[in-house]
Every structure is written in structure tokens, then in C-alpha cells.
S.K.: 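Below are the C-alpha cells for one structure; questions will follow.
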Protein chains: 2
Amino acid sequence: MSSPVRHTRQRSAVSALLAEVEGFHSAQDLHAMLRERGERVGLTTVYRTLQGLADAGEIDVMRPPGGEHLYRRCSEGHHHHLVCRGCGRTVEVAGPAVESWAGRVAAQHGFTDVSHTLEIFGACPSCAG
Amino acid sequence: MSSPVRHTRQRSAVSALLAEVEGFHSAQDLHAMLRERGERVGLTTVYRTLQGLADAGEIDVMRPPGGEHLYRRCSEGHHHHLVCRGCGRTVEVAGPAVESWAGRVAAQHGFTDVSHTLEIFGACPSCAG
DNA sequence: GCGTTTTTGACAATCATTCTCGTTGTCACG
DNA sequence: CGTGACAACGAGAATGATTGTCAAAAACGC
């Protein structure tokens, strides 16, 4: 039942790319970047790899209004994002208070195995004007 | 700049339906229900109406993993949802602490015009076993 | 090397949502 | 009450991201 994760050129390429780029990018976006670099990786593989990484908790997935999934390599551990509506700039924020609040509220209703998603949108200083 | 919202049979139908049903439903779902009731409303119109209501803040939109937008008429004011992964049961929860926290964090980074989305997922008592 | 098993990737399929554009219904005003 | 302007409607086509398919290629253990 354990899937012995094999090391492949494509997987390395996706990981390496994610390590370099800043901010969130869509699967299609990442795929295009790989092609520009000369890496020959299929779109299908990019999707699969990203899903795998997301399942493994190594990258974050965001679903902004607009229908595209955005992926981003980000720091370990649980955190949330503050995203600028204008330029897309992203700031990672930690919210211990929120974590415990979410857990408490869930417990009050008898919910277990709790997770949550939280995103904050706003206009950053540069885009506010 | 003001769009004089006209009162139409279709709009009433969608609103009325939302007032009756419990929980979240997709646009397609609502459209099917309207047809069963004998209301003849186009799918396009359902989408447009839902978008309008969502913009007006009269209904909530949720984007669960799965790609379908779910709409729900819910209580006035800002609140969040605690959703069961198993049966989809939804509980509305208010989190004043979270609201102020989000605002504070955003302000710290110079962000203005802030909004946020928060969803908590878990297993409800019935589904936990 | 060799065989087994996973992974890959081109292409087709899916499916919610959006667009198009001619028709219809509302509303304001005469 | 009539009428004209303009928003709303709706059927079908279009869009576009994501997922499924399956034969060929690559990786790993021996």
C-alpha cells in the first residue's frame, strides 16, 4: 500500500522550479516555464506531480476566484496567506490564535479530525492608491 | 453607474428557492430543482442571478475541492462555515476574534480594504465512527 | 543486463462556467 | 393606455482547466 516514490527527472524539474519561483503559479504556468527552460515535461505529469506534492504537504494550494488552482512552495508548517488583489503579492502569516479558535469551535460541535483554510485578501500599499 | 435591478419572475424564483432549501447547492443543482418545480428558468440565468446575489452579499459562495461552486442563503452578516467532510453538514459559526485578528494582521502589512475567507473541515459526530 | 512495476505523456473526454446574440419582458414617461 | 428604450432572458456554442486512458519509456532490485 506504500507507493515507493521513484525519483525521476520530471519530478526533480518541477521541484526545482518551485524552489526558484516566487509567489503562486498555476499548473499551466509552471508547465510553460518548464518548456521554456527546455525541460520536456508533459502537462499531465505536472498536474500529477503537483497533486503529489500537495498531498505530501510540501506545497500550498490556493483556489482564488477565477477557477485556476495556484500552487506555491512555501515554508514548512501551517500558515495562511495575505494576498494583494491588485498585484498578487503574497505574505505568509501565522495565526496561532486562529488555529486554536478553529479547533475549539469544531470541538464544540463535536467535529474531529479538523483542518481549515483561511485566506485574507486586500490591497497592498502599492496598489491601494 | 447604478444598475437599476429589474424585478423578474426568474429572479424571484431563484430567491424563493434559496429561501426554502437547506444547506449548500450548486448552480446546476438549483437549476434542476427549479425545473422540477415547473419554473422555466435558463441555466445561464441561474448563474447570473446567483452571481448577482453573491455580489450583493445576500448569499454565500463556497468553493470546495471538486470544482463546483456552492451557493447558500445564510444569515445576514459575516460568518464562517464548519463543514463535515463525510455528509456535508454545515454549521455556521461566528468568529469575532478571527475578524479582528485578520484585520490586525492585514494592517500590520499595510493592506487595506480587507476581506477574508475561512472554512473549517472536519468529521461530524455521526461520520466520525 | 533483466524483468517487474511505476511513471510518463499525447490525446481525448469531462464538465462547470461564460459568451453570444436574437428575443422577450419591465419600466418610465407621454 | 400606448410605446420606446434598454435590461434581462435563454438556447446553444465556446472556453478552458482538469482528469482519464493506455501504450511506451524509465527506474529500481537483483
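Only this structure's heavy atoms are used, side chains among them; waters, hydrogens and symmetry mates stay out. Just so it is clear: chains get the letters A, B, ... in the order the sequence lines come, proteins before strands, and each one is counted from 1.
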S.K.: Rounded to the nearest 0.5 Å, what separates atom CZ in B:Phe121 from atom OG1 in A:Thr117?
M.R.: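 These two atoms lie 5.0 Å from each other.
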
S.K.: To the nearest Å, give me how far apart CG (B:Asp29) and C1' (C:dC15) are.
M.R.: 15 Å

S.K.: Base, sugar-phosphate or nothing for B:Thr8? Non-hydrogen atoms, less than 4.0 Å.
M.R.: sugar-phosphate

S.K.: Which one, D:dA17, C:dG9, D:dA11, comes nearest to the side chain of B:Arg35?
M.R.: D:dA11

S.K.: Looking at D:dT19, I'd like to know if its phosphate oxygens (OP1 or OP2) sit under 4.0 Å from a side-chain N or O belonging to A:Gln51.
M.R.: yes

S.K.: Should A:Thr44 be listed as having a side-chain N or O under 4.0 Å from OP1 or OP2 of C:dT8?
M.R.: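 Negative; the distance criterion is not met.
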
S.K.: When the distance from NE2 of A:His7 to P of D:dG29 is rounded to whole Å, what number comes out?
M.R.: 13 Å

S.K.: Evaluate whether atom CZ of B:Arg40 has more than 12 neighbouring non-hydrogen atoms of other residues, nucleotides or ligands under 6.0 angstrom away.
M.R.: no

S.K.: Send over the distance from B:Leu70 CG to C:dT17 P, rounded to a whole Å.
M.R.: 9 Å

S.K.: Any donor-acceptor pair under 3.5 Å joining the side chain of A:Arg48 to the base of D:dG20?
M.R.: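 It does not, because no donor-acceptor pair links the side chain of A:Arg48 to the base of D:dG20 below 3.5 Å.
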
S.K.: Any side-chain N or O of A:Gln10 less than 4.0 Å from the OP1 or OP2 oxygen of C:dT7?
M.R.: no

S.K.: At how many degrees, to 10°, do the end axes of the helix from C:dG1-D:dC30 to C:dG30-D:dC1 meet when each uses five pairs?
M.R.: 40°

S.K.: With no hydrogens and no angle check, is any side-chain donor or acceptor of B:Ser15 less than 3.5 Å from a backbone partner on B:Ser12?
M.R.: no

S.K.: In terms of ring plane angle, is the pair B:Phe24 and B:His81 parallel, tilted or perpendicular, where the classes change at 30° and 60°?
M.R.: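 Geometry flag for B:His81 against B:Phe24: perpendicular rings.
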
S.K.: Spell out, as yes or no, whether a donor-acceptor pair under 3.5 Å connects the side chain of A:His31 to the backbone of A:Val41.
M.R.: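 Yes, A:His31 side chain to A:Val41 backbone: donor-acceptor pair under 3.5 Å.
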
S.K.: Find the distance B:Tyr47:OH to D:dG10:P and express it as a whole number of Å.
M.R.: 15 Å

S.K.: Return the value, rounded to whole Å, for the distance between atom NE2 of B:His31 and atom P of C:dT17.
M.R.: 13 Å

S.K.: Which residues satisfy the salt bridge (charged side-chain N to carboxylate O under 4.0 Å, His left out) test with A:Asp113, sequence neighbours excluded?
M.R.: B:Arg85

S.K.: Choosing from C:dG9, D:dT18, C:dT17, which nucleotide comes nearest the side chain of B:Leu43?
M.R.: C:dT17

S.K.: To the nearest angstrom, how far is A:Arg40 atom CZ from C:dA10 atom C1'?
M.R.: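 Answer to the nearest Å: 12 Å.
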
S.K.: Can you figure out which of D:dG10, D:dA26, D:dT19 approaches the side chain of A:Arg6 most closely?
M.R.: D:dA26

S.K.: Whole-Å distance between D:dC9 P and B:Leu50 CG?
M.R.: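 Atom-to-atom, B:Leu50 to D:dC9, this comes out as 12 Å.
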
S.K.: Expressed as a whole number of angstroms, how long is the span from A:Arg9:CZ to C:dT8:P?
M.R.: 9 Å

S.K.: Examine D:dC9: is either OP1 or OP2 under 4.0 Å from a nitrogen or oxygen in the side chain of B:Arg11? Give yes or no.
M.R.: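 Indeed, a polar side-chain atom of B:Arg11 lies that close.
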
S.K.: Can you find a side-chain donor-acceptor pair between B:His69 and B:Ser26 that sits under 3.5 Å?
M.R.: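 Side chains of B:His69 and B:Ser26: no pair found under 3.5 Å.
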
S.K.: Any idea how B:His80 and A:Trp101 line up, ring-wise: parallel (<30°), tilted (30 to 60°), or perpendicular (>60°)?
M.R.: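 Answer is perpendicular, since the angle exceeds 60°.
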
S.K.: Map B:Gln28 and A:Val41 onto DNA chain C by nearest heavy atom, then report which one ends up closer to the 5' terminus.
M.R.: A:Val41

